[in-house]
Structure formats: C-alpha cells, structure tokens
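Reading through the structure tokens given below for one structure.
Residues take their numbers from the sequence shown, with the count starting at 1.
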Amino acid sequence: MDAVSVLSPDAGPVETRPPEDDIEGDDDDDLDETMVERLWGLTEMFPDTLRSAAEVSAQCSLSLAKKVYSFSRTALWIGTTSFMILVLPVVFETERLQLEQQQLQQQRQILLGPNAGISGVIPGMAPVAPGKV
C-alpha cells in the first residue's frame, strides 16, 4: 500500500493514537490514596516479627512519653506550690526588714546630718579610743 491509498476516503477508518492526556494507563489519575495509605501498604514487605516489634516499640515510647509528661506536670506543681508556701514569705520578710533599716538610716541621717549615717558617730560625742572598749 502506498501513502495515497492509506489517506484516501475509500480506505476506511484510520487508527490514530489518542493524545497523552487521554491515555487510560496513566497512574497519576487513578491514585486516590493518601501518603499514610501508601506507607501502610509498604509495611507488607517487612516480616511480621519486625512489624510487631516496631508496633510494641511505638506503643512503649508513647506510654513512656505520657508518663514523663504526667510526672513533670506533678513535679512542677509540687515545686511551685512548695516554693510559694515555704520560700516567698521568707523573701518578703527579709525585704521588709531591709526597707525598715533603710528608713531608720534615712531618719538618722536627717536628724544627725549627712555624715552620721556613714561614720556611725553621733556629733558632739567623743569617739571611742581603739584600745579602750
């Protein structure tokens, strides 16, 4: 057959190849599975013992993480409340005493002059001799 007879209208229907977009063998259009489903399908290539060991390991890890989280929450609560009950009152009391001492020192400085707060000697009084106490 020559090329003219193949293209003539009397030759009958001519088979043509469908465009690339219409090919039914394209795998991308038929895949409706998610990434998790694909990964789950890959687990079939591992032996059952390895899969069960991985499952037990994952469950133990999750259980351990939950227990550590619970323990850390409890420990943080106990530590915080103990600090607030036992330490904070002491801190507030020492701060109050320091404030009282500063106020007394300021009153003494106002009454006795600017140098009285530093030297600790009352003006008009004789200083104590170093050898005589």
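Cluster annotation: Met35 and Leu42 are assigned to the same hydrophobic cluster (Ile/Leu/Val/Met/Phe/Trp/Tyr, side-chain heavy-atom contacts under 4.5 Å, transitive). One hydrophobic cluster, built from ILVMFWY side chains closer than 4.5 Å, holds both Phe83 and Phe92.
To the nearest 0.5 Å, the span separating CD on Gln106 from CG on Leu111 amounts to 12.0 Å. Of the inter-residue distances, the one linking Leu112 atom CG with Gln107 atom CD reads 11.0 Å to the nearest 0.5 angstrom. The structure places CG of Leu99 at 11.5 Å from OG1 of Thr94, a figure rounded to the nearest 0.5 Å. Going from atom CD of Gln101 over to atom CZ of Arg108 covers 10.0 Å, rounded to the nearest 0.5 Å.
Around CD of Glu93, the count of heavy atoms belonging to other residues, nucleotides or ligands within 6.0 Å exceeds 12.
No side-chain donor-acceptor contact under 3.5 Å links Ser63 to the backbone of Gln59. Checked by atom type and distance alone, the side chain of Gln98 never pairs as donor or acceptor with a backbone atom of Glu95 at under 3.5 Å. Between the side chain of Ser61 and the main chain of Ser57, a donor-acceptor pair closer than 3.5 Å is present. Panel note: side chain Ser72, backbone Tyr69; a donor-acceptor pair is recorded below 3.5 Å.
By the 4.0 Å N-to-carboxylate-O rule, Arg51 lies too far from Glu55 to be salt-bridged with it.
For the pair Ser52 and Thr49, the tightest heavy-atom approach, listed with the atom from each and the gap, is OG-O, 3.0 Å.
Put simply, the side chain of Gln109 does not reach to within 4.5 Å of the side chain of Gln105, judged on heavy atoms. Side-chain contact between Thr43 and Trp40 is present, with at least one heavy-atom pair separated by less than 4.5 Å.
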Show the numbers, then the answer: is there a side chain to side chain contact (heavy atoms under 4.5 Å, CB included) between Thr80 and Met84? CA-CA 6 Å; Thr80 304; Met84 292 173 76; 4.1 Å; yes
